[in-house]
Amino acid sequence: MHDIKAIRQNPSTYDKAWARRGLDPQTKAILDKDILVRQALKVQQEAESARNTASKQIGMAMREGNKAEAECLKTEVAGAKNVIAAMGVQIEAEKSVLNELLAGLPNLPSDSVPDGVDEDENVDLRIWGEPTKFDFKPKAHDDLGAALGMMDFETAAKMSGSRFVVLSGKLARVDRALAALMLDIQTEENGYTECVPPVLVRAPTLYGTGQLPKFEEDLFKTTGDHYLIPTAEVSLTNIVRESIIDADKLPIRMTAHTPCFRSEAGSAGQDTKGMIRQHQFNKVELVSIVKPEDSEAEHIRMLSCAEEILKRLELPYKVIELCTGDLGFGARKTYDIEVWLPSQNCYREISSVSNCGDFQARRMNARYKHAEKDNRFVHTLNGSGLAVGRTLVAILENYQNEDGSITVPKALVPYMSGVEVIS
RNA sequence: GGAGGGGUGGCAGAGUGGUUGAAUGCACCGGUCUUGAAAACCGGCGUGCACGGAAGUGUACCGGGGGUUCGAAUCCCUCCCCCUCCGCCA
C-alpha cells in the first residue's frame with residue numbers, strides 16, 4: 001500500500017515515477033477521493049463526539065432520576081447516530097475505491113533504474129564465462145532428457161495435463177542434488193537461515209507481497225481458502241508480517257527450497273516445449289529483511305549470492321538490470337541473471353533479484369524499532385538462488401556430450417554420490 | 001471429525017453494560033537518594049486516523065467482522081487463531 005500522506009505531500013513525485021513505468025497520472029483521482037473520505041470522516045467524528053457526550057449525560061440523568069431529560073437526550077443521540085451511519089456508508093464506499101486504486105498501483109522505480117518500455121531496453125551489466133562451444137550441434141534439454149529416458153512429459157501430461165514433467169533416475173537426483181548444493185552455499189557461506197515454510201497460504205499473505213489483488217489469475221487456488229505459492233518469496237517475506245522487529249535482529253536472511261506453482265495464464269504458446277515454463281517447479285529462494293539504509297547494499301550482496309551458484313556450477317551467465325517497463329509490480333529495482341542455453345543460442349532468465357523497498361512492508365505492516373516511539377517499515381528483498389528446474393536445464397544443455405550423455409559439473413559430483421557422467 | 005476452554009497494552013494478569021484506553025505486577029524511560037551501582041521512593045510509559053504551525057483536541061481500537069443498546073472489553077451472531085480430551089491419520 002502506498003503512503004497516502006506522502007502522496008498528499010508530493011503527488012508529482014508519484015506521478016513522475018509511475019509515468020516511468022508507463023502509467024498515466026494517478027494522484028489526481030487518489031487525492032480527490034482522499035479529500036472526500038476525510039471530509040466525511042470529520043463530519044462522522046463530530047457526530048460521534050456529540051453522541052458520546054449525550055450518552056454520558058443520559059447516564060447521569062438516569063442516576064438522578066431525571067427521566068424527561070434522559071428521553072430528550074436520547075433523541076439527540078438518535079440524530080447523531082443517523083449522521084454517523086450515513087457518513088459510515090459514504091466513507092466505506094469511497095475508501096474501498098481509494099484502497100483499490102492504491103493497492104493496484106505498482107512500486108515506484110528507484111531513481112537509478114534505467115527508463116524503458118519493455119524487456120528490450122533492459123541493460124546488460126556483465127557477462128561471466130563464455131557461451132559454451134561445441135564441435136557438434138548441441139541438443140535441447142528435453143531431447144537430451146527424453147533420450148536418457150529420465151524426462152517424461154507425456155506421462156506427466158496423462159495425469160496432470162501440459163506443463164508438467166516426470167523426472168526419474170539420475171535426473172531426479174540432479175534436481176535434489178542442486179537443491180542441496182544451493183541450500184548449503186546459501187546457509188553455510190552466505191548467512192541465510194534455512195526454512196521450510198507453508199506452500200499453501202491465504203489471500204492476505206499474497207496481498208502482502210503484492211500478488212493480490214491484481215494477479216489472481218496467475219495463481220492456483222484450492223477449493224478452500226488457500227492459494228498455492230508461486231514462489232517462496234511469499235511465505236518467507238510474510239514471516240515478518242504484522243510484527244515490530246528489534247533493530248539488532250536485522251538483517252534477517254532466510255532461504256527455502258520449495259515447489260512453486262504458477263498458472264501461467266497469458267503465456268499460452270510461450271516455451272511450450274521442455275521444462276523452461278512449468279506449472280510446478282522447485283526453487284531455492286532468498287529473502288532479506290533489512291533496515292531501509294541497508295537495502296541497496298543488501299541487494300548487491302543478494303545478487304552475488306545467486307551468482308555464486310552459477311559460478312560453482314561453471315555455467316556461463318549474464319547479469320542484466322531491468323528497465324522501468326519490465327520491473328515487477330512490487331519491485332523498485334531488479335537484477336536478472338540469465339544463463340546460457342546452447343539450444344536456444346541465447347541467455348534465459350534463471351534468477352531475479354529484487355529490492356522491494358518498503359512496498360511489501362507497508363502491505364504486511366512489518367516494522368522495526370528504529371528508536372523509542374519510532375517504528376519504521378523494514379525493506380524487503382527477494383531473489384532466486386536459484387530456480388532448480390532451469391538450472392537442471394542449463395546443466396543438461398551446457399554439459400552435454402556428443403553421445404547424449406551429460407557430464408556432471410564438478411561441484412555437483414559430491415551431491416550425486418560420486419556420479420560423474422549421466423548416460 | 002466430536003466435546004470443552006481460551007484470545008485484554010512489550011510480557012504477565014484483573015475487569016461481565018455506564019466518566020474503563022482499561023486495575024495490578026514485571027519490563028522500559030526520566031528523576032530523588034548513593035562515591036558508583038543495586039534497593040527504595042517520585043513521575044512517565046499503547047497504536048491508527050482526523051483536525052492543528054505547535055501545544056493539543058477529537059475519534060476509533062481489549063483476535064477480525066457484524067449486531068443489540070442512549071451507552072459494549074463486558075450481551076448476541078459469525079469468522080480466524082490457540083489450548084485440553086476423544087476419534088482418525090502421514
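Each chain gets a letter, A, B and so on, in the order its sequence line appears, and its residues count up from 1.
The number of heavy-atom neighbours closer than 6.0 Å to CD of E264(A), taken from other residues, nucleotides and ligands shown, is above 12.
Using modelled atom types, no side-chain atom of D115(A) and backbone atom of T324(A) make a donor-acceptor pair closer than 3.5 Å. Side-chain atoms of N355(A) do not come within 3.5 Å of backbone N or O of K333(A) as any donor-acceptor pair.
Nucleotide G1(B) forms a Watson-Crick or G-U wobble pair with C86(B), both donor-acceptor distances falling under 3.5 Å. Judged by Watson-Crick or G-U wobble contacts below 3.5 Å, the nucleotide A55(B) has no partner. With a cut-off of 3.5 Å on both Watson-Crick or G-U wobble distances, the partner of C26(B) is given as G10(B). Across the strands present, A73(B) finds no partner; the criterion is a Watson-Crick or G-U wobble pair with both atom distances under 3.5 angstrom. Using the Watson-Crick or G-U wobble rule with both distances under 3.5 Å, G46(B) pairs with C61(B). Using the Watson-Crick or G-U wobble rule with both distances under 3.5 Å, C33(B) pairs with nothing in any strand shown.
Remark: the separation of the C1' atoms in U74(B) and A22(B) is 12 Å, to the nearest Å. As rounded to the nearest Å, U69(B) and G18(B) have C1' atoms that lie 12 Å from one another. Of the P atoms belonging to C26(B) and G21(B), the separation is 25 Å, rounded to the nearest Å. A distance of about 11 Å separates the P atoms of G25(B) and C42(B), rounded to the whole Å.
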Got a list of side-chain donor-acceptor pairs under 3.5 Å for residues 78-104 of chain A, not counting sequence neighbours?
residue, atom, partner, partner atom, Å
S96(A), OG, A93(A), O, 3.1
N99(A), ND2, K95(A), O, 3.4

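Using a 4.0 Å cut-off on heavy atoms, none of the residues of residues 232-246 of chain A approach RNA chain B.
Listed by first and then second residue, the ring pair (Phe, Tyr, Trp, His ring centres under 6.0 Å) pairs involving residues 264-291 of chain A are F164(A)-H279(A), F220(A)-H279(A) (not counting sequence neighbours).
F359(A) has its ring centre no less than 6.0 Å from the ring centre of H379(A).
Residues E92(A) and D225(A) both approach RNA chain B. Their nearest nucleotides, taken by heavy-atom distance, put E92(A) toward the 5′ side.
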- Given protein heavy atoms under 4.0 Å, the one-letter contact record of nucleotides 48-64 of chain B, with B base, S sugar-phosphate only and - none, is simply -BSS------BSS----
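Between R262(A) and D218(A) there is no salt bridge, since none of the side-chain N atoms of the basic residue sits less than 4.0 Å from a carboxylate O of the acidic one.
For D271(A), the salt bridge (Lys or Arg N to Asp or Glu O under 4.0 Å) partners at least two apart in sequence or on another chain are R277(A), R348(A). Remark: R176(A) engages no residue in a salt bridge (Lys or Arg N to Asp or Glu O under 4.0 Å) (not counting sequence neighbours).
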